[in-house]
Visitor: 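Handing you a structure now.
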Amino acid sequence: MSGRMRAAVVRRTGGPEVFRVEDVPEAVAGPGESLVDVVFAGVNYEDLDLRSGHHPHSLPAVLGVDAVGRRRFDGHRVAVLLRQGGGYAQVVAATDAHTVELPDEVDDQQAAALLEQGATGYGALVLAGRLQRGESVAVSAAAGGVGHLTIQLARSLGAGTVVGLASTPEKRKLVQTLGADVALDPADPQLAERLREATGGGVDLFVDSVGGAVLRSAMRGLRPFGRLVCIGWRDEPDEVSTEHLAELSVGCVGFWMRHVVADRRLLRTITDQLFALAGRRELVARIDRIVALDEVGAAHAAMAARDTSGKVLIDVNREVGLLS
Ligand SMILES: NC(=O)c1ccc[n+]([C@@H]2O[C@H](COP(=O)([O-])OP(=O)(O)OC[C@H]3O[C@@H](n4cnc5c(N)ncnc54)[C@H](OP(=O)(O)O)[C@@H]3O)[C@@H](O)[C@H]2O)c1
């Protein structure tokens with residue numbers, strides 16, 4: 001007989017106030033799945049779009065695409081990717097092919113921050129971007145969950161000049177602490193020129209998750225034969241003209257984690273590399289805050305207000321007012 005669990009449930013789309021922490025039946029593992037008792041669940045920007053209804057999905061829903069916990073049948077520490085959501089809960093039914101056993105050197109918080117967002121940074125730089133040693137890299141939202149890992153990965157993969165974009169002086173300071181040579185303000189009207197100056201003529205590889213004006217400046221800031229890697233956008237997706245690509249001799253590619261998740265060997269290869277770097281402390285996730293399930297709405301509000309740097313985690317077993 002299955003038990004009960006606490007989960008942050010969304011019954012109608014809307015603002016951060018729509019989350020309700022409820023006592024619900026525990027997740028049930030289907031074929032090829034195992035139950036995992038969650039320790040930390042991750043918050044990702046995509047969750048905000050699902051909660052608000054910007055990305056349609058069925059309701060009621062438990063959001064959350066990444067988590068770390070203990071696999072119930074053998075007690076192993078695992079990190080899981082949950083393509084159908086379900087992470088903001090004490091128990092998840094995780095697809096075995098999307099489950100990674102954790103090495104001792106990587107603690108739960110680091111693993112929870114690295115899996116989805118670190119693999120995205122790696123995929124953008126290596127799989128889509130085909131980064132070569134010595135090439136210059138620029139990253140938008142560089143203080144964010146994906147961005148702050150992408151900056152560090154670019155460094156450890158042997159990039160030349162690394163440039164991070166971030167909207168406040170504090171975030172730009174953080175981006176430089178993480179290993180960026182230069183930190184720029186994405187709102188700078190001269191952004192394209194600044195990118196060219198910072199890289200001695202133009203960026204080889206720009207990883208963008210913002211779109212709009214930043215993407216347009218990024219295109220103009222590339223050097224001939226440079227590449228733009230699109231991993232996301234804030235408002236609406238942009239149209240990129242083939243005429244523009246040809247005139248500038250630049251490339252534009254996309255990256256989506258679902259193509260890594262669909263390939264078990266690729267996922268394994270990437271996570272092995274991420275965890276090896278993390279074990280040597282060459283890749284260190286910054287944990288912005290750890291909230292209780294009851295505080296998920298406030299965490300979403302902070303993320304929407306661009307008030308977070310690094311990873312936001314949920315301690316699914318902490319109850320507000322019971323434990324600090
Ligand atoms: N392709 C994939 O497989 C994949 C996987 C994971 C994530 N992503 C994408 O990667 C991006 C980053 O995700 P994340 O979870 O790591 O989030 P995040 O970077 O921690 O947070 C988003 C950041 O984007 C910047 N931003 C720029 N314009 C914004 C706006 N209008 N509203 C809010 N923020 C704005 C902000 O940084 P500044 O204030 O410094 O500008 C903000 O802190 C998202 O677009 C997400 O969809 C893609």
Side-chain angles (χ1 to χ4, degrees), residues 10 12-18 42-59 61 63-65 83-85 116-117 120-121 123-125 127-129 138-148 150 163-168 171 184-192 194-195 203 205-222 226-248 250-261 297 299-309 312:
V10 174
R12 62 177 173 90
T13 54
E17 71 287 350
V18 298
V43 180
N44 289 278
Y45 207 91
E46 193 191 355
D47 303 345
L48 277 64
D49 291 333
L50 290 166
R51 187 215 67 227
S52 67
H54 193 65
H55 291 170
H57 61 103
S58 59
L59 294 171
L63 305 180
V65 297
R83 299 328 283 170
Q84 306 306 319
E116 165 81 10
Q117 291 169 320
T120 299
L125 291 169
L127 303 177
V139 179
S140 62
V146 173
H148 87 293
T150 310
V163 182
L165 276 58
S167 64
T168 66
K171 286 188 188 180
L184 298 176
D185 182 350
D188 186 332
Q190 307 295 317
L191 181 58
R194 302 263 177 274
L195 286 165
V203 178
L205 185 59
F206 193 113
V207 177
D208 180 51
S209 62
V210 171
V214 170
L215 180 138
R216 290 189 289 278
S217 296
M219 292 283 271
R220 290 189 291 112
L222 289 174
R227 290 91 69 207
L228 177 77
V229 180
C230 303
I231 64 164
W233 48 86
R234 282 285 53 86
D235 298 321
E236 293 302 318
D238 297 270
E239 304 236 335
V240 174
S241 115
T242 49
E243 183 183 16
H244 204 180
L245 296 179
E247 273 175 356
L248 297 171
V250 296
C252 180
V253 287
F255 173 78
W256 207 252
M257 262 298 280
R258 81 165 60 137
H259 299 111
V260 168
V261 179
H300 270 224
M303 223 160 154
R306 304 165 77 153
D307 207 16
T308 62
S309 300
V312 175

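Just the heavy atoms: all of them, side chains too, but no hydrogens, waters or symmetry mates, feed the values below. If you're wondering where the values come from, they're calculated on a predicted model, not measured in any experiment.
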Visitor: List for me each residue that meets side chain to side chain donor-acceptor pair (under 3.5 Å) alongside Asp188, sequence neighbours excluded, and say none if there are none.
Guide: Arg194
Visitor: Please examine the side chains of Thr13 and Val18, heavy atoms only from C-beta on, and report whether any two atoms are closer than 4.5 Å.
Guide: no
Visitor: As a quick check of understanding, evaluate side-chain contact (heavy atoms from CB on, under 4.5 Å) for Val253 and Cys230, giving each step before the final call.
Guide: CA-CA 6 Å; Val253 287; Cys230 303; over 6 Å; no
Visitor: Provide the closest heavy-atom pair for Ala138 versus Leu195 in the form atom of the first, atom of the second, distance.
Guide: CB-CD2, 4.0 Å
Visitor: May I have the step-by-step check of side chain to side chain donor-acceptor pair (under 3.5 Å) for Asn44 and Gln117, ending in yes or no?
Guide: CA-CA 8 Å; Asn44 289 278; Gln117 291 169 320; 3.2 Å; yes
Visitor: Is there a side-chain contact between Asp47 and Arg51, using heavy atoms and a 4.5 Å cut-off?
Guide: no
Visitor: Given Val210 and Trp233, is the side-chain contact (heavy atoms from CB on, under 4.5 Å) satisfied, shown in steps?
Guide: CA-CA 4 Å; Val210 171; Trp233 48 86; over 6 Å; no
Visitor: Taking C-beta and beyond as the side chain, do Arg83 and Met257 meet within less than 4.5 Å on heavy atoms?
Guide: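 Contact flag for Arg83/Met257 side chains = yes.
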Visitor: Please report the shortest heavy-atom distance between Ala166 and Ala143, naming the atom on each side.
Guide: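 Looking at all heavy atoms of both residues, the closest pair is CB-CB, 4.4 Å.
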Visitor: So which atom in Leu222 and which in Gly251 form the shortest heavy-atom distance, rounded to 0.1 Å?
Guide: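 What the structure gives for the nearest pair is CD1-O, 4.5 Å.
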Visitor: Quick one, Trp256 and Val261 - any side-chain contact, counting heavy atoms below 4.5 Å?
Guide: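 No; the side chains remain at least 4.5 Å from each other.
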Visitor: Could you check Asp238 against Arg216 for side-chain contact (heavy atoms from CB on, under 4.5 Å), going step by step and ending with a plain yes or no?
Guide: CA-CA 9 Å; Asp238 297 270; Arg216 290 189 289 278; 4.0 Å; yes
Visitor: Minimum heavy-atom separation for Ser167 and Arg306, please, with both atom names.
Guide: CB-NH2, 3.8 Å
Visitor: For a quick test of reading the model, state the closest non-hydrogen atom pair linking Ala304 to Leu48 and the distance between them.
Guide: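 Closest heavy-atom pair between Ala304 and Leu48: N-CD2, 3.7 Å.
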Visitor: For Gly129, is there any backbone N or O sitting under 3.5 Å from a side-chain donor or acceptor partner on Arg227?
Guide: yes
Visitor: If you count heavy atoms of other groups shown closer than 6.0 angstrom to CD of Glu243, is the number above 12?
Guide: no
Visitor: Within a strict 4.5 Å, meaning less than it, do heavy atoms of the Leu191 and Leu165 side chains meet?
Guide: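 Side-chain contact under 4.5 Å: yes.
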Visitor: Got a sec, which residues hit side chain to side chain donor-acceptor pair (under 3.5 Å) with Ser140, two or more places apart in sequence or on another chain?
Guide: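 Result, side chain to side chain donor-acceptor pair (under 3.5 Å) vs Ser140: Asp208.
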Visitor: To the nearest 0.5 Å, what is the distance between CG (Asp185) and CD (Gln190)?
Guide: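 Interatomic distance, Asp185 CG to Gln190 CD, rounded to 0.5 Å: 12.0 Å.
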Visitor: Would you compute the distance between atom OG of Ser217 and atom CZ of Phe206 and round it to the nearest 0.5 angstrom?
Guide: 8.0 Å
Visitor: Let me confirm one number: the CG-NE2 distance from Leu50 to His55, rounded to the nearest 0.5 Å.
Guide: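 It comes to 7.0 Å.
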Visitor: Between Val207 and Phe255, is the side-chain contact (heavy atoms from CB on, under 4.5 Å) condition met? List the steps.
Guide: CA-CA 10 Å; Val207 177; Phe255 173 78; over 6 Å; no
Visitor: Within this structure, what is the CZ-CG distance for the pair Arg220 and Leu215, rounded to the nearest 0.5 Å?
Guide: 11.0 Å
Visitor: May I ask you to test the Met219-Val240 pair for a side-chain heavy-atom distance under 4.5 Å?
Guide: yes
Visitor: Which heavy-atom pair separates Thr150 from Gly121 by the least distance, and what is that distance?
Guide: OG1-CA, 3.4 Å
Visitor: Going by heavy atoms in the side chains, are Val250 and His244 under 4.5 Å from each other?
Guide: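 In short, these two side chains do not touch, never coming nearer than 4.5 Å.
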Visitor: Inspect the surroundings of CD in Gln84 and state if more than 12 heavy atoms from other residues, nucleotides or ligands are less than 6.0 Å away.
Guide: no
Visitor: Can you tell me how far the OG atom of Ser52 sits from the NE2 atom of His300, to the nearest 0.5 Å?
Guide: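 If I round to the nearest 0.5 Å, the distance is 10.0 Å.
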Visitor: Would you check if Leu127 and Val260 make a side-chain contact, meaning some heavy-atom pair closer than 4.5 Å?
Guide: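 Yes; the side chains approach each other to less than 4.5 Å.
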Visitor: Check whether Lys171 reaches the backbone of Ala141 with its side chain - one donor and one acceptor, N or O, closer than 3.5 Å.
Guide: no
